[in-house]
Amino acid sequence: MGPHPAVAAIRLAVRRVLHDILRDALVLSDGRTPPPDTIPRDIAREGGADGPLVLVACSGGADSMALASALAFESRKLSVRAGAVTVDHGLQPGSDQRAAEVAARLTAMGLDPVESIAVKVGREGGPEAAARDARYAALDAAAERHGAAAVLLGHTRDDQAETVLLGLARGSGTRSLSGMAAVSGAHGRYRRPFLQLDRHTARKACLVQSLPVWDDPHNADPAYTRSRLRHEGLPALEKALGKGVVEALARTAELSRDDADALDAWAADADPSVRDEAGELLCKKLYALPAAVRRRVLRKALIDAGSPAGSLFARHVEEVDRLITGWRGQRAINLPGRVEARRQGGRLVIRQS
């Protein structure tokens with residue numbers, strides 16, 4: 001008798017991602033990589049002592065515990081070493097003890113190395129953004145320290161739907177509506193195997209495997225925007241529109257990502273053509289670009305000049321865009337990161353003060 005359907009689903013999702021990681025890491029002797037959906041037999045053997053290290057980021061919640069258990073199981077079949085990282089944000093009493101308990105459970109699964117990292121959460125961007133920034137900084141550092149090929153994250157289809165709705169509420173454009181990518185980060189470090197699975201599947205997998213799960217009280221705290229969306233916003237949408245809202249939002253993310261990727265590529269190709277010999281942006285040539293492409297060129301230029309991507313919103317880019325499309329002698333525009341944009345002599349000059 002095979003595993004429970006929920007367990008089989010999470011294992012299959014992880015197996016596919018591990019195959020992708022192995023294929024990305026492998027270069028055949030003739031310089032070609034294996035075709036999709038194939039793994040050469042020499043790297044699909046039992047035991048992974050010499051294989052790439054894959055870490056799982058585990059909070060102790062149902063999604064990440066299900067992911068950790070699937071990684072521990074599947075890594076034994078492939079040339080993959082499996083480890084884990086749990087991050088203690090220090091935002092609740094006893095968080096250090098809870099992190100130690102999660103680390104012990106991960107070690108008991110056979111994961112190695114297992115590391116518990118305490119971080120200090122700042123205030124910039126609000127509590128949710130600050131905690132996320134601290135967490136990813138810790139995960140990046142752990143991946144570098146251990147030489148990990150990838151870090152698996154337990155975001156589900158439900159998380160994706162919430163992310164799309166948050167982007168819609170901010171009016172942040174196509175890229176924000178595209179939600180979370182299955183592969184992201186430098187050199188594809190972060191992988192999200194569960195984006196096609198719902199939260200219930202992960203929780204069921206934990207239940208049938210008797211995996212202890214910790215439910216973060218912050219996830220039910222109405223002080224947090226995502227919590228209100230999860231417990232009030234999405235249920236209200238499903239009541240008004242019927243079941244299938246989460247699936248539809250996840251499909252929207254996928255379609256939006258395809259569009260955003262194509263526009264980003266167009267903007268990258270167009271960027272050199274709208275600059276002079278000194279690399280300054282030429283307003284006349286920028287004006288000739290389609291608005292969606294032009295704004296991407298502007299956003300990248302602002303980030304390159306020192307404006308933090310997380311603090312640079314669509315309204316900032318629109319203000320700069322008006323220096324191109326609605327020039328009436330406006331003053332310089334001050335942007336996050338002490339970046340200033342002004343129109344001068346037919347050029348858009350972007351400088352950090």
Side-chain angles (χ1 to χ4, degrees), residues 13 16-25 32-37 129 132-133 136 139-140 143 149-197 245-275 281 285-286 288-305 307-318 320-321 324:
R16 286 171 172 166
V17 168
L18 293 183
H19 282 191
D20 290 342
I21 292 167
L22 285 168
R23 191 168 56 247
D24 290 347
R32 294 183 298 109
T33 56
D37 301 322
R132 183 177 60 249
D133 290 345
Y136 277 99
L139 293 175
D140 279 334
V151 178
L152 305 189
L153 304 175
H155 297 119
T156 64
R157 187 170 62 193
D158 301 82
D159 296 309
Q160 184 75 297
E162 292 162 8
T163 302
V164 171
L165 281 177
L166 288 170
L168 182 62
R170 288 193 298 264
S172 301
T174 308
R175 176 55 68 189
S176 195
L177 292 181
S178 66
M180 296 174 286
V183 180
S184 66
H187 309 295
R189 168 173 290 163
Y190 292 106
R191 311 288 177 119
R192 297 177 173 86
F194 289 175
L195 288 182
Q196 301 301 318
L197 299 177
V245 169
V246 168
E247 293 85 347
L249 288 168
R251 284 197 303 273
T252 296
E254 188 172 352
L255 293 170
S256 297
R257 181 164 297 280
D258 290 342
D259 291 348
D261 288 346
L263 289 167
D264 285 349
W266 187 352
D269 289 342
D271 189 285
S273 70
V274 296
R275 296 179 182 271
L281 290 165
K285 291 190 174 182
L286 281 167
L289 293 175
V293 177
R294 181 176 61 248
R295 289 174 180 170
R296 281 167 166 76
V297 171
L298 295 176
R299 178 177 172 80
K300 183 178 184 302
L302 295 171
I303 292 171
D304 289 346
S307 195
S311 302
L312 188 65
F313 302 135
R315 60 183 174 81
H316 295 128
V317 179
E318 288 169 5
V320 176
D321 192 42
I324 309 300

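Between V293 and A267, the shortest heavy-atom contact is CG1-CA, 3.7 Å. Listed here is the closest heavy atom pair of A13 and P193: CB-O, 3.5 Å. Contact detail for R189 and A143: the closest heavy-atom pair is NE-CB, 3.6 Å. The minimum heavy-atom distance between A309 and I303, with the atom names listed, is CB-CD1, 3.9 Å. Residue R299 comes nearest to L312 through the heavy atom pair NH1-O, 2.8 Å, listed as atom of the first residue, atom of the second, then distance. Taking both residues in full, the closest heavy atoms of A253 and G179 are given as CB-N, 4.4 Å, listed atom of the first, atom of the second, then distance.
Taking the salt bridge (charged side-chain N to carboxylate O under 4.0 Å, His left out) definition, one finds that E247 meets it with R157, sequence neighbours left out. With sequence neighbours excluded, no residue forms a salt bridge (charged side-chain N to carboxylate O under 4.0 Å, His left out) with D269. By the salt bridge (charged side-chain N to carboxylate O under 4.0 Å, His left out) test, D271 is found to be paired with R275, residues two or more places apart in sequence or in another chain being considered. In this view, D259 satisfies the salt bridge (charged side-chain N to carboxylate O under 4.0 Å, His left out) rule with no residue, not counting sequence neighbours. In this structure, T252 has no side-chain hydrogen bond (donor to acceptor under 3.5 Å, both in side chains) partners at least two apart in sequence or on a different chain. Annotation: side-chain hydrogen bond (donor to acceptor under 3.5 Å, both in side chains) contacts of R295 (sequence neighbours excluded): D321.
At least one side-chain heavy atom of D159 sits under 4.5 Å from a side-chain heavy atom of T156. For the pair V151/Y136, no side-chain contact is recorded, criterion being any heavy-atom separation below 4.5 Å from C-beta on. Contact annotation: the side chain of V164 never approaches that of M180 to less than 4.5 Å [non-hydrogen atoms, C-beta and beyond]. The shortest distance between side-chain heavy atoms of L289 and R296 does not fall below 4.5 Å. With a 4.5 Å cut-off on side-chain heavy atoms, I324 and R294 count as touching. A 4.5 Å side-chain heavy-atom check between D264 and R175 finds at least one atom pair inside the cut-off. By the 4.5 Å heavy-atom criterion applied to side chains, I21 and L152 are counted as neighbours. Side-chain contact between V297 and L281 is present, with heavy atoms from C-beta onward closer than 4.5 Å.
The OG1 atom of T174 lies 11.5 Å from the CG atom of L255; values are rounded to the nearest 0.5 Å. L197 CG to D158 CG: the interatomic distance, rounded to the nearest 0.5 Å, is 10.0 Å.
Within 6.0 Å of atom CZ in R16, 12 or fewer heavy atoms from other residues, nucleotides or ligands are found, so the atom counts as exposed in its surroundings.
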Candidate pair V17 and F194, rule side-chain contact (heavy atoms from CB on, under 4.5 Å), full reasoning
CA-CA 10 Å; V17 168; F194 289 175; over 6 Å; no
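Of the candidates E162, Q160, R192, R192 is the only one forming a side-chain contact (heavy atoms from CB on, under 4.5 Å) with H155.
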